[in-house]
2 protein chains.
Amino acid sequence: MQPRDDAGRDDPDGARGGRGPARRDDPGLLVGDLDEDALIARFLPLLPTAPTTLTGPGDDAAVLAAPDRRVVATTDMLVEGRDFRRDWSSGMDVGWKAAAQNLADVAAMGACPTALLVALGLPRDVRVGWVLDLARGLAAACEGTGAAVVGGDLSSASEVVLSVTALGDLGGVAPVLRSGARPGDRVAVAGRIGFSAAGLALLEAGLTGAGLDPHAAALVEAHRRPRPALAAGPAAARAGASALMDVSDGLLRDAGRIARASGVVLDLHGTTGALALWQDDLLARCGSLSGFCGAEDARRWVLTGGEDHALLACFPPEAALPVGFDVIGEVRAGAEAGVLVDSSPVHDLGQGWDHFAR
Amino acid sequence: MQPRDDAGRDDPDGARGGRGPARRDDPGLLVGDLDEDALIARFLPLLPTAPTTLTGPGDDAAVLAAPDRRVVATTDMLVEGRDFRRDWSSGMDVGWKAAAQNLADVAAMGACPTALLVALGLPRDVRVGWVLDLARGLAAACEGTGAAVVGGDLSSASEVVLSVTALGDLGGVAPVLRSGARPGDRVAVAGRIGFSAAGLALLEAGLTGAGLDPHAAALVEAHRRPRPALAAGPAAARAGASALMDVSDGLLRDAGRIARASGVVLDLHGTTGALALWQDDLLARCGSLSGFCGAEDARRWVLTGGEDHALLACFPPEAALPVGFDVIGEVRAGAEAGVLVDSSPVHDLGQGWDHFAR
């Protein structure tokens, strides 16, 4: 486990000052110094709002508009020490990331996000400032997306646990599942892959801080605050995408999920197009960090790195690719569903993120 | 913290047998012995289904019907050691309780539940059998309610954390908030209050097991598997209830929330009607447990005991009370919003459950 020190990177509050009883405006005020209602009263005003919210936080449940008569719903849990570290990510980063990855799941069905619900488990020794920054991070990630935080729950826990549910509206389009890819489709991506993994590697190597080259620092930022191309989801649905998902566990692993759900082979272009460009970009960004990474690292990050939340889609031959999507491969028939890179199986890389893997 | 021993009360699986590598059908199989996909593959088939689910678990998000064009949404987090103990509650109990309390929040808006999303944080040393029992508990609590589990997330964590989001449909009625109570309304409850708290007290005193009087054992059952009167929520909405909520943190505390949100006084009948009957019932059930509880305990359980998830409503004079509701007081005007019992403030009891209270 990481230390309980929660000094945030860009946290406006300083470390806890005196040892006396904390006042309400003490920057070192801890969660355990407030009762539940007082903490909620500080947290609520920072949360994002939206006109689709008919009844917001504060009652037994929220009520929100679902004009399409269908609602898209997804949930993700982030656990301290597994999905984030308080010494590597500020409250703002963690709130941002939790919102972004759930919003990406809504977009990956072809829907527009409308609402988040946020359940938060907190140790008593977390600074109240860190928790309020988390609310600010949720708000920043929701800005311009149409999503509000409409409800939540606070609980005590021995590690920070953040469970976000996102809801969305399909606006009249059919949801785009993972199972519709057909031989002859193009495989395309909106967003970049491997940048979050490279940023995590920089954090793990301790290569962060003020002296870091801005090109490399952008990788750390990509890890802390992923920016999924949310508008690309509904655009893909309207364009007639046959399959769609967000890449959260690595390209090979997630492309494999489309392949198996659709009973096809996804053959990716490893040495041309976007995948090759991203590898070159990653190498260039790490160029100032002597010996930090080589071509094999860049290839591994692009093919297996998770948490960029790029949107991976398949488009039938007749569909016009929406703006923002780059072709990275083709869908083929095959005796065994799976993923190829340059028409060959990939054996030398791991399978991406697994929560329970040893 | 409680011990990591997770011997469930009514768990069909025994303790872990040999020390060798676990087989897939080993009753002592632990979460850490399986990868994430394998655990999900065992968990999913046990979850409840419903015809409102258009796209169920397995894609980036679920899609469900929202015929009313509005969706009710609520979330609650249960944390091991705070909200349940694995040595006091089986996986079945924990799944049941998590579902029931979220379903009650949907009912407390006047809506019918349609869906649950379940995020689950698990230590590697939890038995797979316990986790599968949790799925069975979710299914049992959803039976007959119309709710399905449509999505979820599995994560590793250092304690069991279960975060459930419930969605519901209003079926054309206006949501019933906490803020609509008016002087002259009757205060009524569907369900019983204090039984869960009495059951918890029995567990805390170690008064459980095969020798326990069945009347007392029913209290433990009320704590482990609350049975909110879900149908009473939509019935109250259709009958014109002015305010509605579920009692999760104790009658005084939750009635106080209606009082403050509505700017009124809720004056409860402490010595006649349902509250008095419940106190007598609790005393009678504990009668065989010499010295275990007195009239003051029963009064405290009824007035401050949480987690029964009874529905607390206010009804205007002209509304006919739906079947299942018992009048327990009146709404009055008052200079200060709050709760009275027999027209007097209550000073000798705590304020109910607070997650961060010392």
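So you know, we letter chains A, B, ... as the sequences are listed, proteins then strands, and number each from 1. Keep in mind that the numbers below use all heavy atoms, side chains included, and drop hydrogens, waters and symmetry copies.
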Note: vs chain A, highest number of non-hydrogen pairs under 4.5 angstrom among B:G151, B:P67, B:A261, B:A111 is B:P67

Value for CH2 (B:W130) from CG (B:L29), rounded to nearest 0.5 Å, stands at 15.5 Å

Looking only at A:L167, A:L117, A:V118, most heavy-atom pairs under 4.5 Å shared with chain B are made by A:L117

Quick note, salt bridge (Lys or Arg N to Asp or Glu O under 4.0 Å) partners involving residues 160-177 of chain A, not counting sequence neighbours, are none

From the list B:L78, B:T52, B:D105, the residue making the most non-hydrogen contacts under 4.5 Å with chain A is B:D105

May I have the list of side-chain donor-acceptor pairs in residues 55-62 of chain B shorter than 3.5 Å, sequence neighbours left out?
| residue | atom | partner | partner atom | Å |
| --- | --- | --- | --- | --- |
| B:D59 | OD2 | A:R178 | N | 2.9 |
| B:D60 | OD1 | A:R178 | NE | 3.3 |
| B:D60 | OD2 | A:D246 | N | 3.1 |

Whatever's closer than 4.5 Å to a heavy atom in chain A on B:L64 counts as both

Bottom line for B:L244: the part with an atom under 4.5 Å from chain A's heavy atoms is backbone

Scored by heavy-atom pairs under 4.5 Å with chain B, the best of A:V79, A:V71, A:T114 is A:V71

Non-hydrogen side-chain atoms of A:L132 and A:V128 separated by less than 4.5 Å:
yes

Inset, instruction - Show the numbers, then the answer: is there a side-chain contact (heavy atoms from CB on, under 4.5 Å) between A:T75 and A:V164? - result: CA-CA 6 Å; A:T75 195; A:V164 175; 6.0 Å; no

Between the side chain of A:D153 and the main-chain N/O of B:M77, is any donor-acceptor distance below 3.5 Å?
-> yes

Ranking A:A65, A:A73, A:G168, A:S179 by heavy-atom pairs under 4.5 Å to chain B gives rank one to A:A73

